[in-house]
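Below is one structure, written out as structure tokens, with a few remarks after it.
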Protein chains: 2
Amino acid sequence: MDDAPSRGAAFLVTQLGTHCAAKFAVRAREIGLTPPQVGILGLIARSPGQSQQAVATALGLLPSRLVGFVDDLEDQGLLERVRSRTDRRNYALQLTEAGRRKLGEIGRVGREHEQDIFGNLTDEQHTELVRLLQRVADEQGLTAGVHPGFRSLNSEVC
Amino acid sequence: MDDAPSRGAAFLVTQLGTHCAAKFAVRAREIGLTPPQVGILGLIARSPGQSQQAVATALGLLPSRLVGFVDDLEDQGLLERVRSRTDRRNYALQLTEAGRRKLGEIGRVGREHEQDIFGNLTDEQHTELVRLLQRVADEQGLTAGVHPGFRSLNSEVC
DNA sequence: TATTGTTATACTCTATAACTATA
DNA sequence: TATAGTTATAGAGTATAACAATA
């Protein structure tokens, strides 16, 4: 008897989630980004002009951590810090043209990633899996744009 | 347009996996254990008498990390280090009676965890979800007893 | 010489708190 | 006085490498 105990859905999701996160991190690094930076670019693409505070809150990471990520994205020429006219304390973060191009790369990488992990499912199976996961995620309050995994586990559970 | 982009299965699995891991860590802590320690106790229950090297390899964590976990489990009286007669360099790790009782608690906590996350699915939906996840996990080579999340992401992907 | 378990050291990552400039 | 962004410091967690005991 060397079998693992029958794995429940929770164990399988945890195991596969860790696996997916690790594989995606590799793909993100290949285009010069960390996973949180992918989230930052996507958020600014959807809602341009937000302050760093707003981005930090939306993604569930500390403002002090955000600084370094934005520094790097700015160094790469993917976004700009534009001082707000009305309140010169904060910035309005904007994608550059290169940032919009990078967004296309992110999309390509994301599709490759999805195919890599779930490519052996039929379309029907894939659709059913997404439906079930979406339902559970909604019930667990994960619908919002806040990405777990960017924030610490401690702040997650308190 | 403030919607997140349609979330693929990979994103959902990553998001839910992180969420599940965090919630399980809380439940494990309530019975005095860390997630790796849960894995250690389960492995020794299934295959008693293994050396620390064997356990470390099976769970994908470094032998030097294992020492502290086993120290704590021994302090709690849940397992014993028994010197091997044939090779006095290594130990044969054995559960104590208290360790076997703790295993029952782990089972209870695991069922509560599963119910907490997936309790709103019908039995048919739950079964279908497990089937799909199991299939993907198998194809990704996650069938073995090696638990990702105990080892570092770096060693995972290289 | 090789291996098991252990310890010591260094490194990475993250949280906390202090600081500045604006308001 | 309060807030946005930043920097500095400290702490937790982990990997690497050195070590003693045994083979």
Side-chain angles (χ1 to χ4, degrees), chain A residues 18 21-22 25 28-29 33-37 39-40 43-44 49-75 79-94 147-158, chain B residues 18 21-22 25-26 28-29 33-37 39-40 44 49-75 79-94 147-158:
Chain A
T18 305
R29 186 163 50 214
L33 301 173
T34 64
Q37 287 177 319
I40 293 167
L43 181 64
I44 296 175
Q50 293 197 74
S51 69
Q52 293 187 188
Q53 286 284 341
V55 170
T57 300
L59 296 180
L61 41 83
L62 293 169
S64 59
R65 263 192 89 194
L66 192 66
V67 173
F69 291 134
V70 172
D71 282 349
D72 180 68
L73 291 171
E74 202 175 26
D75 288 345
L79 59 74
E80 298 176 309
R81 286 175 163 110
V82 182
R83 277 288 177 198
S84 166
R85 301 271 174 83
T86 58
D87 184 341
R88 292 204 338 241
R89 285 175 302 183
N90 61 24
Y91 293 114
L93 299 178
Q94 303 283 357
H147 301 220
F150 295 165
R151 69 189 158 209
S152 82
L153 298 187
N154 290 335
S155 57
E156 156 88 7
V157 293
C158 298
Chain B
T18 305
V26 172
R29 187 164 50 213
L33 300 173
T34 65
Q37 287 177 320
I40 293 166
I44 296 175
Q50 293 197 76
S51 69
Q52 292 186 187
Q53 287 283 341
V55 170
T57 300
L59 296 180
L61 41 83
L62 294 169
S64 59
R65 264 192 86 195
L66 192 66
V67 174
F69 290 134
V70 172
D71 281 349
D72 180 68
L73 291 171
E74 201 174 27
D75 288 346
L79 59 75
E80 298 175 308
R81 286 175 163 110
V82 182
R83 279 288 179 196
S84 166
R85 302 270 174 84
T86 58
D87 184 342
R88 289 197 349 230
R89 285 176 302 183
N90 61 24
Y91 293 114
L93 299 178
Q94 302 283 357
H147 300 222
F150 295 166
R151 66 190 161 209
S152 83
L153 297 186
N154 289 336
S155 58
E156 156 87 6
V157 292
C158 296

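Here the structure is a predicted model, which is why all the values come from computation and not from measurement.
Listed by chain and number, the residues in a side chain to side chain contact (heavy atoms under 4.5 Å, CB included) with A:Ala56 are A:Leu61, A:Pro63, A:Leu66 (sequence neighbours excluded). Legend: residues meeting side chain to side chain donor-acceptor pair (under 3.5 Å) with B:Ser64, ordered by chain and number and at least two apart, are absent. Among residues two or more places apart in sequence or in another chain, the side chain to side chain donor-acceptor pair (under 3.5 Å) test is passed with A:Arg83 by A:Tyr91. Partners of A:Glu80 according to the salt bridge (Lys or Arg N to Asp or Glu O under 4.0 Å) rule, which considers only residues two or more places apart in sequence or in another chain, do not exist here. Applying the side chain to side chain donor-acceptor pair (under 3.5 Å) test to B:Asp72 and every residue at least two apart in sequence or in another chain returns B:Gln37, B:Gln76. In this structure A:Arg89 satisfies the side chain to side chain donor-acceptor pair (under 3.5 Å) test together with A:Asp87, sequence neighbours excluded.
For the pair B:Arg83 CZ and C:dT3 P, the interatomic distance rounds to 18 Å; values are reported in whole Å. A:Arg81 has its CZ atom 15 Å from the C1' atom of C:dA21, to the nearest Å. If you measure from atom CD of A:Glu74 to atom C1' of D:dG5, you get 13 Å, rounded to the nearest angstrom. In this structure, CZ of A:Arg65 is placed 16 Å from P of D:dT6, rounded to the nearest angstrom. Atom-to-atom, CD of A:Gln52 to P of D:dG5 comes out at 5 Å; the value is rounded to the nearest Å. Between A:Asp71 atom CG and D:dG5 atom C1' there is a gap of 10 Å when expressed in whole angstrom units. In this structure, A:Leu66 atom CG and C:dA15 atom P are separated by 13 Å, rounded to whole Å. We find that CD of B:Gln50 is positioned 17 Å from C1' of C:dT3, with the value rounded to whole Å.
Here the CZ-OG1 distance, from A:Arg29 to A:Thr34, works out to 10.5 Å after rounding to the nearest 0.5 Å. One finds the CG atom of A:Leu79 at 5.0 Å from the CG atom of A:Leu73 (value rounded to the nearest 0.5 Å).
Between C:dT22 and A:Tyr91, no contact under 4.0 Å exists linking OP1 or OP2 to a side-chain N or O.
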Could you list the protein-to-nucleotides 21-23 of chain D atom pairs, N/O on both sides, closer than 3.5 Å?
from: D:dA23; atom 1: OP1; to: B:Arg88; atom 2: N; distance (Å): 2.8

Nucleotide N/O to protein N/O under 3.5 Å, stretch nucleotides 16-19 of chain C:
from: C:dT16; atom 1: O4; to: A:Ser64; atom 2: OG; distance (Å): 3.1

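Here the shortest heavy-atom pairing between B:Leu59 and B:Gly39 reads CD1-C, 3.8 Å. The minimum heavy-atom distance linking A:Gly49 with A:Gln94 is given by the pair CA-NE2, 3.7 Å. Nearest heavy atom pair, residue B:Val67 against residue B:Gln52, reads CG2-NE2, 4.1 Å.
Over its full length, the helix from C:dT1-D:dA23 to C:dA23-D:dT1 turns its helical axis through 20°, comparing axes from the five pairs at each end and rounding to 10°.
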